[in-house]
Amino acid sequence: MRDWEALVRQQLAGLVLEAEERREVIAELAAHLEETFEGLRGEGLSEEAAEKRALAQVQNWRSLRRKIQKARRKEDAMTDRVKQVWLPGFLTLFLSVILLMANEVIGIKLGINPLFVSAHGSGLKDPVAVIYVPWLVSLLLIGAIGAYLALRAGASQRAALLSIMFPVLPQSIFFAIWIPVSLILGDHISHNTMPGGLLMGLIGWVVLPAVALLAGGLPVQVLRARRRASA
């Protein structure tokens, strides 16, 4: 009786994977070949013929080895991206939204009013930017959390920066699209989207939060970089 795991292990001797991953790949492929072999034997083929038919499924072991390694590298890269960017990023976004909502509710109960900033000279009577100072302060901690989680997962400085800035990405995308649109359309759109108002909104919802997030996250990046350098 053919030892399928020994056969696969020999053919994939140059497979560069972690020990546990390598064992899983060999066991899975060996089980598939053995299942095929048993099925062919059940159809009446001799042991030798069934073995040849089963092995014929792998036409080029070297090519198969390259494909396995490539697929595993892609999986590892995706897993790293999730741990280093998406999880810390969405966590910081979630925390920023929750704390903003809490700031609004608690602020009303405690009588803590936000700052209302108008675009002077734009002819607007209503505020165009609402700034929640306690929320901006809380973004210092959120930025630090994002940087710490990303760097602990092995993120690069650039990936960690993306995790830090994640809470302002939706607003940044909105203003990046809407400001050019408002400038192009001009008088054809509502006066509430005049350039002065959009500029103040950009400052209140993108620039100031981004500064707060960076002020909390960058010191964590610097400290982690120094620890790695001294290790």
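Note that the coordinates shown come from a computational prediction; the quantities given were computed from them, not determined experimentally.
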Report task. Evaluate side-chain contact (heavy atoms from CB on, under 4.5 Å) for I164 paired with T92, printing each intermediate quantity in order. Result -> CA-CA 7 Å; I164 294 171; T92 56; over 6 Å; no
Requested in this report: Supply the atom-to-atom distance E51 CD to R41 CZ, rounded to the nearest 0.5 angstrom.
Outcome: 10.5 Å
Query - Side-chain heavy-atom pair W4, H32 within 4.5 angstrom cut-off - result: no
Query raised in the report: So do the side chains of L93 and L169 get within less than 4.5 Å of each other, counting heavy atoms only?
Result: no
Query - With sequence neighbours excluded, residues passing side-chain hydrogen bond (donor to acceptor under 3.5 Å, both in side chains) with Q171 - result: none
Query raised in the report: Can you list the residues that meet the ring pair (Phe, Tyr, Trp, His ring centres under 6.0 Å) rule with F90, with sequence neighbours excluded?
Result: W86, F166
Query - Sidechain-backbone polar pair: Q84 side chain, A150 backbone, donor-acceptor under 3.5 Å - result: no
Report summary line: Output for pair (L214 CG, M165 CE), nearest 0.5 Å, gives 4.5 Å
Report summary line: The remaining residues in the hydrophobic cluster of L40, counting side-chain heavy-atom contacts under 4.5 Å among Ile, Leu, Val, Met, Phe, Trp and Tyr, are L45
**Report entry** Straight-line distance of L55 CG to L33 CG, nearest 0.5 Å
**Finding:** 6.5 Å
Query raised in the report: Hey, do the aromatic rings of F175 and W205 have their centres closer than 6.0 Å?
Result: no
Requested in this report: Give a yes or no on whether L223 atom CG has more than 12 heavy-atom contacts from other residues, nucleotides or ligands under 6.0 Å away.
Outcome: yes
Report task. Go through the steps for V168 and V207 under the test side-chain contact (heavy atoms from CB on, under 4.5 Å), then give the verdict. Result -> CA-CA 9 Å; V168 297; V207 176; over 6 Å; no
Query raised in the report: In chain order, what residues pass the side-chain hydrogen bond (donor to acceptor under 3.5 Å, both in side chains) check against T36, with sequence neighbours excluded?
Result: Q57
Query raised in the report: With a cut-off of 6.0 Å (strictly less than), are more than 12 heavy atoms of other residues, nucleotides or ligands near CZ of R224?
Result: yes
Report task. Can you see which heavy atom on A159 is nearest to which on A155, and at what distance? Result -> CB-CB, 3.9 Å
Query raised in the report: side-chain hydrogen bond (donor to acceptor under 3.5 Å, both in side chains) with Q221: which residues, sequence neighbours excluded?
Result: Q157
**Report entry** Gap separating the CG atom of L162 from the OG atom of S156, nearest 0.5 angstrom
**Finding:** 9.5 Å
Would you give me the side-chain donor-acceptor pairs under 3.5 Å for residues 130-147, sequence neighbours excluded?
{"from": "Y132", "atom 1": "OH", "to": "E104", "atom 2": "OE2", "distance (Å)": "3.4"}
{"from": "W135", "atom 1": "NE1", "to": "S96", "atom 2": "O", "distance (Å)": "2.9"}
{"from": "S138", "atom 1": "OG", "to": "W135", "atom 2": "O", "distance (Å)": "2.6"}

Report task. Might you confirm whether atom CD of E24 has over 12 heavy atoms from other residues, nucleotides or ligands at distances under 6.0 Å? Result -> yes
